[in-house]
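Worth knowing before you read on, the calculation uses all heavy atoms, side chains too, and leaves out hydrogens, waters and symmetry mates. Everything numeric in this text was worked out from a predicted model, so none of it was measured.
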Amino acid sequence: MWTADEIAQLCYEHYGVRLPKQGKPEPDREWTLLAAIVKIQCPPAKPGPVTKEVVSMGTGTKCIGQSKMRRSGDILNDSHAEIIARRGFQRYLLHQLQLAATMKERSIFVPGTQKGLWKLRPDHFFVFFSSHTPCGDASIIPMLEFEEQPCCPVDRGWTDSYSGEAAVHLEAPGNKRTCDSSVNPANKKMRLEPGTPVQEVANGAAHHGKPIPPDARSCAVEIPTAVTRIDLSGAKVVDVYRTGAKCVPGEAEDPRRPGAAYHQVGLLRVKPGRGDRTCSMSCSDKVARWNVLGCQGALLMHFLEEPIYLSAVVIGKCPYSQEAMERALVGRCQNVSTLPKGFAVQQPNIQQSDLQFEQSRCAVQARKGDSPGRLVPCGAAISWSAVPEQPLDVTANGFPQGTTKKKIGSLQARSRISKVELFRSFQKLLSSMAEDKWPDSLRGQKLETYQEYKEAAAAYQEAWSTLRKQAFGSWIRNPPDYHQFK
């Protein structure tokens with residue numbers, strides 16, 4: 001069994017040792033966000049050592065605007081740390097499937113019950129770590145009137161006035177004391193009105209020592225409910241932390257009234273852009289989607305008997321609300337039903353660590369103090385994946401760092417976690433196997449484009465269609481012509 005603090009510490013150590021200086025923030029001038037996926041391996045039957053290993057890690061705060069998207073699939077549209085970590089995880093899964101198919105080394109996969117399909121070993125499960133709450137719904141966190149001033153002042157206009165060149169994950173300032181409004185169920189769309197009485201305070205520190213169950217199945221059904229009950233004697237919600245993520249067209253709009261009525265919660269959102277609207281859904285929305293469809297995506301689902309789900313989510317020290325996390329990642333999808341076989345709405349064990357990321361906005365601001373100079377988000381994103389060939393990938397503006405305009409479109413100007421490169425890895429996996437060993441969904445079909453291979457994953461597409469119809473109807477999807485590369 002492992003605690004949230006141990007998961008956080010493992011990720012911070014990995015960041016310091018395994019990630020290069022290139023792509024990291026400039027000291028006392030830049031900050032960034034960190035996310036990772038940790039593999040936990042438990043003894044299948046008898047007591048024994050439990051091992052944990054970082055298999056994917058990402059840093060980053062930005063995404064590109066709609067006008068910079070490319071039909072060739074060679075640019076990273078979304079470089080927020082959580083998304084970088086998930087894409088690196090897909091590289092890892094592709095490599096593990098290659099090992100399973102060639103039987104050269106032990107893999108995390110074993111043969112499934114159907115020909116050509118694989119399933120995760122029963123003693124393996126995955127924990128998702130993020131140094132900060134995901135942007136969007138999970139970051140709309142109530143503030144109480146008795147709370148001390150955060151280390152970074154809350155600017156009520158920061159969602160509109162940020163002057164960065166690209167969209168950025170606006171990391172809320174760092175006061176860790178949080179609250180549970182106890183007004184409506186987590187799955188309801190609700191507003192936090194000014195002066196709302198609060199009866200309970202969800203103390204993030206109360207979770208950091210709670211062990212994470214080693215059994216993946218128990219992780220999938222247990223959500224921490226530990227709440228520190230204190231007498232607030234009429235304490236009220238007077239404000240909320242802002243999220244830079246904007247409501248998608250077709251959803252209700254934020255009231256944008258002063259104080260606690262600024263946001264409406266439970267809505268789908270897109271990441272902000274400076275002048276140029278983005279098509280990237282918020283990290284809260286994407287993680288919620290992974291909790292229904294899995295982290296593997298459509299392509300890898302061809303080879304898997306079941307989706308690859310996250311058993312736990314651990315958040316580093318930052319402004320945090322257990323209620324907001326559960327609402328954003330679980331509550332909005334908890335009533336989705338009639339999913340195809342193998343798919344199910346997950347309830348990952350959500351916990352917070354008491355350990356702060358040293359390169360977070362608040363930590364850097366605290367070290368910087370009153371020294372002159374503006375604190376800005378780091379423009380680069382780092383991807384690290386537990387694969388033998390070129391595990392590191394450092395990008396800026398969606399391309400490998402240092403790419404010139406002249407080189408864009410060349411093989412050298414592709415991130416290893418771009419759609420086109422992940423598709424190349426998928427094709428390489430197919431070519432390494434005899435066609436009679438391919439899964440039924442791929443045999444006997446003339447599939448060529450990235451889009452055609454995705455659409456052929458019938459169960460995954462059915463699950464995604466069900467999720468959209470029942471919970472995420474306004475989800476923004478890229479036009480099909482953006483996925484026609486071969």
Side-chain angles (χ1 to χ4, degrees), residues 1-19 33-43 48-60 80-96 106-109 120-134 207-220 222-224 283 286-287 290-291 294-296 307-318 325 329 346-358 382-387 391-392 417:
M1 298 176 71
W2 300 98
T3 67
D5 277 359
E6 289 171 329
I7 295 294
Q9 185 63 37
L10 175 71
C11 294
Y12 296 156
E13 290 174 355
H14 190 96
Y15 172 85
V17 174
R18 302 299 294 273
L19 267 60
L33 299 172
L34 176 70
I37 295 181
V38 179
K39 180 186 74 174
I40 306 292
Q41 184 175 354
C42 307
V50 177
T51 62
K52 61 186 189 297
E53 174 191 3
V54 175
V55 295
S56 176
M57 179 166 282
T59 73
H80 283 211
E82 297 94 326
I83 312 310
I84 296 290
R86 186 253 187 167
R87 285 185 165 273
F89 184 53
Q90 289 177 321
R91 281 192 78 196
Y92 169 76
L93 294 176
L94 279 163
H95 173 64
Q96 291 294 320
R106 179 182 169 88
S107 167
I108 64 172
F109 295 111
L120 190 65
R121 290 182 181 274
D123 58 340
H124 287 57
F125 68 97
F126 296 101
V127 174
F128 186 80
F129 173 79
S130 178
S131 63
H132 196 274
T133 52
H207 298 294
H208 79 274
K210 183 181 176 68
I212 297 174
D215 180 6
R217 299 191 182 276
S218 68
C219 281
E222 291 184 7
I223 295 179
C283 289
K286 290 186 176 183
V287 177
W290 303 342
N291 282 334
C295 292
Q296 75 293 320
I308 305 297
Y309 288 119
L310 300 170
S311 294
V313 175
V314 174
I315 303 297
K317 184 178 181 181
C318 66
M325 285 290 294
L329 306 190
Q346 304 297 298
Q347 293 186 322
N349 186 319
I350 303 174
Q351 298 193 27
Q352 186 186 27
S353 167
D354 203 30
L355 304 180
Q356 187 179 55
F357 179 43
E358 63 178 8
I382 307 174
S383 169
W384 180 93
S385 184
V387 296
L392 281 164
I417 57 172

Which distance, rounded to the nearest 0.5 Å, do you find between the [atom1] of [X] and the [atom2] of [Y]?
X: Asp5; Y: Gln352; atom1: CG; atom2: CD; value: 9.5 Å
X: Arg91; Y: Ile417; atom1: CZ; atom2: CD1; value: 8.5 Å
X: Leu93; Y: Leu120; atom1: CG; atom2: CG; value: 8.5 Å
X: His124; Y: Glu53; atom1: NE2; atom2: CD; value: 8.5 Å
X: Ile108; Y: Asp123; atom1: CD1; atom2: CG; value: 10.5 Å

Smallest separation among heavy atoms of [X] and [Y], with atom names:
X: Ile84; Y: Ser383; answer: CG2-CB, 3.6 Å
X: Ile315; Y: His132; answer: CG2-C, 3.8 Å
X: Met325; Y: Pro134; answer: SD-CD, 3.9 Å
X: Phe128; Y: Ser130; answer: CE2-CB, 4.1 Å
X: Ala85; Y: Gly58; answer: CB-N, 3.9 Å
X: Thr3; Y: Glu6; answer: N-OE1, 2.9 Å

Spell out, as yes or no, whether a donor-acceptor pair under 3.5 Å connects the side chain of [X] to the backbone of [Y].
X: Asn291; Y: Leu329; result: yes
X: Tyr92; Y: Ile37; result: no
X: Ser131; Y: Gly316; result: no
X: Glu82; Y: Leu33; result: no

Could you tell me how the ring of Phe357 sits relative to the ring of Tyr15: parallel (under 30°), tilted (30 to 60°) or perpendicular (over 60°)?
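Answer is perpendicular, since the angle exceeds 60°.
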Within-4.5 Å side-chain heavy-atom neighbours: [X] and [Y]:
X: Arg87; Y: Ser385; answer: no
X: Leu34; Y: Met57; answer: yes
X: Arg86; Y: Ser56; answer: no
X: Asp354; Y: Lys317; answer: yes
X: Pro49; Y: Gln41; answer: no
X: Gln96; Y: Lys39; answer: no
X: Ser353; Y: Ile7; answer: no
X: Ile40; Y: Val50; answer: yes

Which residue in the set Trp290, Phe89, Tyr309 passes ring-ring contact (aromatic ring centres under 6.0 Å, His included) when paired with Phe126?
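Single pass found, and it is Phe89.
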Please list, chain by chain and in numerical order, all residues satisfying salt bridge (Lys or Arg N to Asp or Glu O under 4.0 Å) with Lys286, sequence neighbours excluded.
Asp78
